[in-house]
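Read the structure below first, then the notes.
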Protein chains: 2
Amino acid sequence: MKRLETDECGFASALNAISGKWKMGILWEVTLRPRRFGELRRLLPGVSEKVLAQQLREMEADDLIRREVFPGAVQKVEYSATDFGRSLNEAVDALSRWGKAFEKRQERKAMVA
Amino acid sequence: MKRLETDECGFASALNAISGKWKMGILWEVTLRPRRFGELRRLLPGVSEKVLAQQLREMEADDLIRREVFPGAVQKVEYSATDFGRSLNEAVDALSRWGKAFEKRQERKAMVA
DNA sequence: AAAACCACTTACCTTGGGGTGAGCGCTTAC
DNA sequence: GTAAGCGCTCACCCCAAGGTAAGTGGTTTT
């Protein structure tokens, strides 16, 4: 992912962490419980393996999620939310509530039209 | 702008309102005081006239800003934030603060490396 | 032996958001 | 009379995010 110049703007920095089509979806899922790669594929219909792997790597590098490889004959990898990742979810909360209100407005407009 | 399917997810709805490279910058500027088209050009270095006009139209349609044409010999158009637009700025606040924290982490990582 | 699950990687292609530069109709300054 | 400012629009181009499909190296099920 190309990063924006943040020049001390918190919002731009936050965008650098959350921009990526599936990142917030991934974060949400791993917040609920640890998830395996294939599980996430199924939970996020439409995501490609390439992009899923890619965004998981970036989120790990950004310390939003943790990647754990479990020993054993069959490969097992689990992704879970870090405390910092959870804090992002909370920060996004106010915006989500605003989004709900926005959605309602849009629906009202669609009604009239 | 192509809109995402929101399927009752507030965050996705919010993204539909704020995605656009200059929208949050525009919103911020018109929140401080009403701004004219040329003024915004200067305040947002790098924005092209095409995209500025485009995003202003979309934000007007989304009720985030108000467009007022003033009568007179020379063209004068002013853009200002609606109450709803101001409420978006507030909703983004928590995320911006999170972004600040993220930025600090990134800087620390860059130090070590 | 074949197919299917695991977690990926790699090469290739498509899409659309945004930049570039020119033009428009009008007015005011030099 | 010409340049510069106002607020735009239009045709064209670029590029990076993301999708597609195939492959990899292992194991387990049938």
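First the proteins, then the strands, lettered A, B, ... as listed; each starts at 1.
The separation between A:Q54 atom CD and C:dA7 atom P is 18 Å, rounded to whole Å. Atom CG in A:L52 sits roughly 17 Å away from atom P in D:dA17 (whole-Å rounding). Atom CG in B:L15 sits about 14 Å away from atom P in C:dG17, given to the nearest Å. Between the CZ atom of A:R41 and the P atom of D:dG19 there is a distance of 10 Å, given to the nearest Å. Rounded to an integer number of Å, the gap from CG of A:L44 to P of D:dG18 is 13 Å. To the nearest angstrom, C1' of D:dA17 lies 16 Å from CD1 of A:I18. Atom CG in B:L40 sits roughly 9 Å away from atom P in D:dG7 (whole-Å rounding).
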Contacts under 3.5 angstrom, residues 94-103 of chain B side chains, donor-acceptor by atom type, not counting sequence neighbours:
from   : atom 1 : to    : atom 2 : distance (Å)
B:S96  : OG     : B:V92 : O      : 3.2
B:R97  : NH1    : B:D93 : OD2    : 2.6
B:W98  : NE1    : A:S87 : OG     : 2.9
B:K100 : NZ     : A:E8  : O      : 2.8
B:E103 : OE1    : A:S13 : OG     : 3.0
B:E103 : OE2    : A:T6  : OG1    : 3.2

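The 12-atom threshold is not exceeded at NZ of B:K104, counting heavy atoms of other residues, nucleotides or ligands nearer than 6.0 Å.
The only member of B:R67, B:R3, B:K23, B:K2 that meets salt bridge (charged side-chain N to carboxylate O under 4.0 Å, His left out) when paired with B:E58 is B:K23.
Put simply, B:R42 has a side-chain N or O that comes within less than 4.0 Å of OP1 or OP2 on D:dC6.
Along DNA chain D, the nucleotide closest to B:E39 and the one closest to B:K50 are compared, and the more 5′ of them pairs with B:E39.
Here the CD atom belonging to B:Q54 is positioned 10.0 Å from the CZ atom belonging to B:R57, to the nearest 0.5 angstrom.
Contacts with DNA chain D (heavy atom under 4.0 Å) in residues 55-81 of chain B: B:R57, B:R67, B:Q75, B:V77, B:Y79, listed by number. Of all the residues in residues 20-37 of chain B, B:R36, B:F37 reach under 4.0 Å from DNA chain D with at least one non-hydrogen atom.
With a 6.0 Å cutoff to the six-membered ring centre and a 45° limit on the axis angle, A:R105 counts as a cation-pi contact of B:F84.
Distance alone, capped at 3.5 Å, is enough to place a donor-acceptor pair between the A:K109 side chain and the B:A61 backbone. A donor-acceptor pair is defined here as one N or O able to donate and one able to accept, closer than 3.5 Å; no such pair exists between the side chain of A:D62 and the backbone of A:A17.
Side-chain atoms of B:T31 and B:N89 form a donor-acceptor pair, as typed in the model, at a separation below 3.5 Å.
Pairing each heavy atom of A:L88 with each of A:M24, the nearest pair is CD2-SD, 4.3 Å.
Listed candidates were D:dA17, C:dT20, D:dG19. Nearest to the side chain of A:K2 is D:dA17.
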